[in-house]
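In what follows, a structure is listed as structure tokens, so that the remarks can point back to it.
Each chain gets a letter, A, B and so on, in the order its sequence line appears, and its residues count up from 1. In this text the structure is predicted, and so the values were computed from the model without any measurement.
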2 protein chains.
Amino acid sequence: MDDMISRRKVEIFKALAHPVRLRISEELLRREMCVCDITELFSFDRTTISKHLAVLKSAGVIKDRKEGLFVFYSLDLKCLGMMMGCINNSIENELRDHLSSLELGKA
Amino acid sequence: MDDMISRRKVEIFKALAHPVRLRISEELLRREMCVCDITELFSFDRTTISKHLAVLKSAGVIKDRKEGLFVFYSLDLKCLGMMMGCINNSIENELRDHLSSLELGKA
DNA sequence: CTCCAATGTGGCTATATTGCCACATGGGGA
DNA sequence: TCCCCATGTGGCAATATAGCCACATTGGAG
């Protein structure tokens, strides 16, 4: 049972641990999109994107909604906005520190 | 530059996307530990753990501190506590919903 | 009903990741 | 100094993942 929760957590991180899937998730943070829209963000094959969406959905990061021929994806993992905000902050701080230490080195 | 930030983010998620590395990170959330302590949490080879630690460190999730023969690891990614709290919540809700829908199905 | 457009799936190859072994390194004690 | 202990690294074999192609499915237009 605990093991099951652990596996679900790993699944979420795995889903986000790919540039294409992370980018998709970040876009869906802002708006719902159909597969056709998402596909246009990348130069990969349509079926490749489709598989990435399946991974994100199965991890519970995103969910889908069918409307005629189209499938619309939107965020399902409520935490994601907060997580990305915090991580972006960390990375910006890290880069700022790194840059300022370079500045000091020059002086 | 934006691309660099994106790569860093993916690196963080990749680092957390493995049961051993996630477990290590969660333990370090509670206390600093030496490699010897961390190794004892698992039945994997010592060198396997060492490599997982290197992955986490290079992603900026954890940092190390040497003291004599020992190397102590501790958390470096400030967000992690909040992230894990939120994800644990999501998963618990998901499981609760799943269970209660099973209950309804029985009735 | 027929055809086409949007999407998903099976399966193959290329690449990346994992875990173990053998070995390297570096500090502390005798 | 010599040796041992805690830790890290190179590299190999097994496994997992990514991306593309061919094909399946499904719903709307005509």
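Taking atom CZ of residue A:R65 and atom P of nucleotide C:dG8, one finds them 14 Å apart after rounding to whole Å. For the pair A:R7 CZ and D:dA16 P, the interatomic distance rounds to 14 Å; values are reported in whole Å. Here D:dT26 presents its P atom at 13 Å from CG of A:L69, a figure rounded to the nearest Å. The CZ atom of B:F44 sits 9 Å away from the C1' atom of C:dT18 (whole-angstrom rounding). Taking atom CG of A:L53 as the reference point, atom C1' of C:dT9 lies 14 Å away to the nearest angstrom. The NZ-P distance, from A:K14 to C:dA16, rounds to 17 Å in whole Å. Spacing between atom CG of A:D45 and atom P of D:dA22 amounts to 10 Å, rounded to whole angstrom units.
The side chain of B:T47 approaches C:dA22 more closely than any other nucleotide in the set D:dT7, C:dA22, D:dC20. Residue B:F70 places its side chain closer to D:dA6 than to any other of D:dA6, D:dC20, D:dG27.
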All N/O pairs under 3.5 Å across the protein-nucleotides 11-13 of chain C interface:
residue, atom, partner, partner atom, Å
C:dG11, O6, A:K51, NZ, 2.2

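Mapped onto DNA chain C by nearest heavy atom, B:H52 and B:R46 fall at different nucleotides, with B:H52 at the one closer to the 5' end.
Checking A:L41, A:T39, A:I24 one by one against A:M33, the side-chain contact (heavy atoms from CB on, under 4.5 Å) holds for a single residue, A:L41.
Applying a 4.0 Å cut-off to non-hydrogen atoms, the residues of residues 15-40 of chain A that approach DNA chain C are A:C34, A:V35, A:C36, listed by residue number.
Note on A:K57: nothing from the nucleic acid sits closer than 4.0 angstrom, heavy atoms only.
Within the cation-pi definition used here (under 6.0 Å to the ring centroid, within 45° of the axis), B:R65 does not qualify as a partner of B:Y73.
With 3.5 Å as the limit, one finds no donor-acceptor pair spanning the side chains of A:N93 and B:K78.
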